[in-house]
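Since the structure comes first, as structure tokens, the remarks are kept for the end.
Quick note on labels: first sequence line is chain A, next is B, and so on, each numbered from 1.
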Amino acid sequence: MVDGFALFTDRSVVAMRVNGELKDLAATVTPTDDAQPVTISSPDGLNILRHSAAHVLAQAVQTVNPAARLGIGPPVTDGFYYDFDVAEPFTPEDIKTLEKAMDRIIRQGQRFVRRVVTADEARAELAAEPYKLELIGLKGASTDAGAELGADNESVEVGGTELTIYDNIDPKTGETMWKDLCRGPHLPNTRMIGNGYSLTRLAAAYWRGSEKNPQLQRIYGTAWPTKDELRAYQARQEEAAKRDHRKLGAELDLFSFPEEIGSGLPVFHPKGGIIRQEMENYSRKRHAEAGYDFVYTPHITKSNLFETSGHLDWYSDGMFPPMKLDAEYDADGHMTRQGVDYYLKPMNCPFHNLIFRSSGRSYRDLPMRLFEFGSVYRYEKSGVVHGLTRVRGMTQDDAHIYTTKEGMKEELTSTLNFVLKLLADYGLEDYYLELSTKDPKKFVGSDEAWDEATQTLAEVAEASGLELVSDPGGAAFYGPKISVQARDAIGRTWQMSTIQLDFNLPERFDLEYTAPDGSRQRPVMIHRALFGSIERFFAVLTEHYAGAFPVWLSPVQVVGIPVSEQYGPYLDEIIGRLKTAGVRAQVDHSDDRMQKKIRNHTKAKVPFQLIVGEEDQANGAVSFRFRDGSQDNGVPIDEAIARIVAAIETRAQVTGQGQS
RNA sequence: GCCGCCUUAGCUCAGUCGGUAGAGCGUCUCACUCGUAAUGAGAAGGUCAUCAGUUCGAUUCUGAUAGGCGGCUCCA
């Protein structure tokens, strides 16, 4: 019997995995046990580091404010948080105070010591912590600790097989400085947190994640094995901030949100309009090739359409309130006109269903693929509106495919392939799939239909060979879905396309087709959107490319810069030829000096700058300057034009001389 | 919707301990015509988000509303 300290002398080992279970280094190991080291830089090690940092934060908070009551404090991606019930919310100044208090605790090198307790002992020790008592109660109420404690975050506290408390012990005096209900494991001591941590932001969060519960004050932090890694993390955050589509949208003059119009209602400026139009045009072309029919439907409808579809039952909160056309009465009090409610549409599917139903359909007509850039309006709650990614008015690249039950698997497969190919054409080539299944509290239709639909989607997803993760309960009320999660240039994932299988709306709308044997059959419906919404996809592409769009999407593709005025006419001729070839090109004839023009157009992220001076003109050439500052001088005019046209046609990204 | 913070020129931001405001960039005008990321000079531009309240006086203090930011919850 030895402990982990004896087993693993390397100081980067912070815990161990014994027979598959994470344990403190202080735990004892028998010779028959399989004990593996957990280093601080491993995923498990980072979680332990961050969880320990959360404990130190909590101790710091209770040192500064003994009245603060503890919520939970788990590790999260890149960091940790801890929730507190305090009379007054924290302020930014508190952060500095708390970091100083944390530094003191870290420098003390307090030991984390695990202690098994009974539920009664835990209650006695934590009598002053009502939230901890609640967690102890939840664990006691169920033999299966995981059942009530659905969230991983809560199981960090009491998720183990036994209740444990971690004491923070001053190594010099042996005094217990602080303690917390916790599953562990933890670092051997606080000193290992070092100076690679930082408190990052303050927020409020509902206790146990339910808006029915009181709000606690949450403090977020980040923690890394070294200061250098912390700095690298902060640099990544800054890089992400530079790519923020809201910032780039203003800087590059792409779109804005005029306050006069209302929250979440964007307007696209001319340059943003070009990008959007190119996005749409290419999508249209590909949809036409893939056998979609284009339809158009109105933005408003009488309420009965959404009663039929069920949207009013499930989502009326998310819809703009109705326009009420009031009933009218004559002098005798008789109704001369019945009142009607009109709604702005939050979805396109009911409209497409009506198009399907507008005439008798044969199995020969299937699959019928109806596509629309459909503008929809959703009354998103005020706190969730965010740039172009969460808006109240948006345009979906929405299609509904009606097919036979026999044909649905093939159609789903080809739809998924179509989606992935098209995303790749826009430059998003790294993705995985997510399968969202029935929410037991929010669904319509029979279990059999759901099972069959879910099974079919799962098979199609698996056949794609892509990584597949499950999202239990994440489906819409009418059917399960596959969503494509794309990773962008800096590794963030975005939910992009969705493909939903629906047996229910065809039922509700009584959709039918005539089968080969003359019988009437119910078609299956597939809902799918590639961009999700054009606005959101626009935001994702902006951040993915950091505003430096591939040439085909760039609002201005080529700018001609004369070294001095006298080379203007020569450049005009070249730019004129580019324009004739359909290139968005212009000459900068302004009074600015050449250096200033280069600076302006580089900042505007124009992919090709063509610079011309005496030397170029004499040789019938131009000089390329790219967005990264690299150059290619003295390129003959014909070759230059051919290169630019080719870059557009191949949808190439051009950031430097080496086109990527 | 909830918690906290924010809103001053087109943009980024100073500032006024309550006496109606300033810079840089941008815009306009003039001069300069220049070989790889900011030429110089001058001018215009603000109901200090909106509406109330307190005050002799409010951009400044209070409240409400709108919009935004960071989270939470939500996202058909």
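- Comparing atom distances between the A:R599 side chain and each of B:A38, B:U36, B:U33 picks out B:A38 as nearest.
- The CG atom of A:L571 sits 14 Å away from the C1' atom of B:U36 (whole-angstrom rounding).
- Between the OH atom of A:Y81 and the P atom of B:G4 there is a distance of 20 Å, given to the nearest Å.
- Side-chain nitrogen and oxygen atoms of A:S382 include at least one within less than 4.0 Å of the OP1 or OP2 phosphate oxygen of B:G1.
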Please determine whether side-chain contact (heavy atoms from CB on, under 4.5 Å) holds for the pair A:S623 and A:V612, giving the CA-CA distance in whole Å, both sets of side-chain angles, and the decisive distance to 0.1 Å. CA-CA 6 Å; A:S623 292; A:V612 164; over 6 Å; no
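- Residues meeting the side chain to side chain donor-acceptor pair (under 3.5 Å) test with A:H352, sequence neighbours left out: A:E372, A:H400.
- Each of A:I611 and A:R392 was assigned the nucleotide of RNA chain B with the nearest heavy atom; the assignment lying further toward the 5' end belongs to A:I611.
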The contact string for nucleotides 70-76 of chain B, one letter per nucleotide 5' to 3', using protein heavy atoms under 4.0 Å with B, S and - for base, sugar-phosphate only and none, comes out as BBBBBBB
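- Across all strands, A:N633 comes closer than 4.0 Å to base atoms (heavy-atom distances).
- Proximity note for A:S564 (side chain, C-beta onward) versus B:U36, B:C3, B:U33: the nearest is B:U33.
- Residue-environment remark: CZ (A:F320) exceeds the threshold of 12 foreign heavy atoms within 6.0 Å.
- For the pair A:F90 and A:V563, both in contact range of RNA chain B, the more 5′-proximal nearest nucleotide belongs to A:F90.
- Each of A:T437, A:N504, A:L501, A:V444 was evaluated against A:W450; a single residue qualifies, A:N504, per the side chain to side chain contact (heavy atoms under 4.5 Å, CB included) test.
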What one-letter contact string describes nucleotides 39-48 of chain B from 5' to 3', where B marks a base within less than 4.0 Å of any protein heavy atom, S marks contact via sugar-phosphate atoms alone, and - marks no contact? B---------
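- Nucleic acid contact for A:T91: none, since no nucleic acid atom lies under 4.0 Å from a heavy atom of the residue.
- The C1' atoms of B:A37 and B:G57 are separated by 50 Å, rounded to the nearest whole Å.
- Spacing between B:C32 and B:A41 at atom C1', rounded to whole Å, works out to 11 Å.
- Here, B:A66 and B:A52 have their C1' atoms 14 Å apart, quoted to the whole Å.
- Between A:S263 and the phosphate of B:G68, there is a side-chain N or O to OP1/OP2 separation shorter than 4.0 Å.
- Every residue two or more places apart in sequence or in another chain was checked for a ring pair (Phe, Tyr, Trp, His ring centres under 6.0 Å) with A:F509, and none qualifies.
- When heavy atoms are screened at a 4.0 angstrom cut-off, A:D317 is found touching no nucleic acid atom at all.
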May I have the list of side-chain donor-acceptor pairs in residues 530-538 of chain A shorter than 3.5 Å, sequence neighbours left out?
residue	atom	partner	partner atom	Å
A:S533	OG	A:R536	N	3.0
A:E535	OE1	A:T395	N	2.9
A:E535	OE2	A:R276	NH1	3.4
A:E535	OE2	A:T395	N	3.3
A:R536	NE	A:Q495	O	3.4
A:R536	NH2	A:Q495	O	2.7

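- Applying the salt bridge (charged side-chain N to carboxylate O under 4.0 Å, His left out) definition to pairs two or more places apart or across chains, none involves residues 347-357 of chain A.
- One C1' atom belongs to B:U55, the other to B:U20, and the distance between them is 15 Å to the nearest Å.
- To the nearest whole angstrom, the two C1' atoms, one in B:C2 and one in B:G19, are 40 Å apart.
- Residues passing the side chain to side chain donor-acceptor pair (under 3.5 Å) test with A:E614 are A:Y567, sequence neighbours excluded.
- Stems are defined here as 3 or more consecutive Watson-Crick or G-U wobble pairs with pairing distances under 3.5 Å; those involving RNA chain B are B:1-7 with B:66-72, B:10-13 with B:22-25, B:27-31 with B:39-43, B:49-53 with B:61-65.
- The distance between atom NZ of A:K212 and atom P of B:G1, rounded to the nearest whole Å, is 18 Å.
- Each salt bridge (charged side-chain N to carboxylate O under 4.0 Å, His left out) pair with one or both residues in residues 78-95 of chain A, not counting sequence neighbours, appears once here: A:D83-A:R218.
- A:N600 has its CG atom 10 Å from the C1' atom of B:G26, to the nearest Å.
- When the C1' atom of B:C34 is taken as reference, atom CG of A:D588 falls 14 Å away, rounded to whole Å.
- Counting to the nearest Å, the C1' atom of B:U33 and the NE2 atom of A:H589 are 14 Å from each other.
- Partners of A:E380 under the side chain to side chain donor-acceptor pair (under 3.5 Å) rule, at least two apart in sequence or in another chain, are A:R390.
- Taking A:S256 as the reference, A:H269 meet the side chain to side chain donor-acceptor pair (under 3.5 Å) condition, with sequence neighbours excluded.
- Here the two rings, on A:F624 and A:F626, have centers that are under 6.0 Å apart.
- For B:C30 and B:G46, the C1' atoms lie 26 Å apart once the distance is rounded to whole Å.
- Annotation: B:G15 and B:C74 have their P atoms spaced 41 Å apart (nearest Å).
- A:K481 and A:E434 are not joined by a salt bridge, as no carboxylate oxygen comes within less than 4.0 angstrom of a charged side-chain nitrogen.
- The CD1 atom of A:I219 sits 12 Å away from the C1' atom of B:G4 (whole-angstrom rounding).
- For residues 243-254 of chain A, the set of pairs meeting the salt bridge (charged side-chain N to carboxylate O under 4.0 Å, His left out) definition, not counting sequence neighbours, comprises A:E239-A:R243, A:D244-A:R246, A:K247-A:E251.
- Rounded to whole Å, atom C1' of B:U12 lies 11 Å from atom NZ of A:K603.
- Taking the P atom of each, B:G1 and B:C61 are spaced 26 Å apart, rounded to whole Å.
- Here A:Q609 lies out of heavy-atom contact (under 4.0 Å) with every strand.
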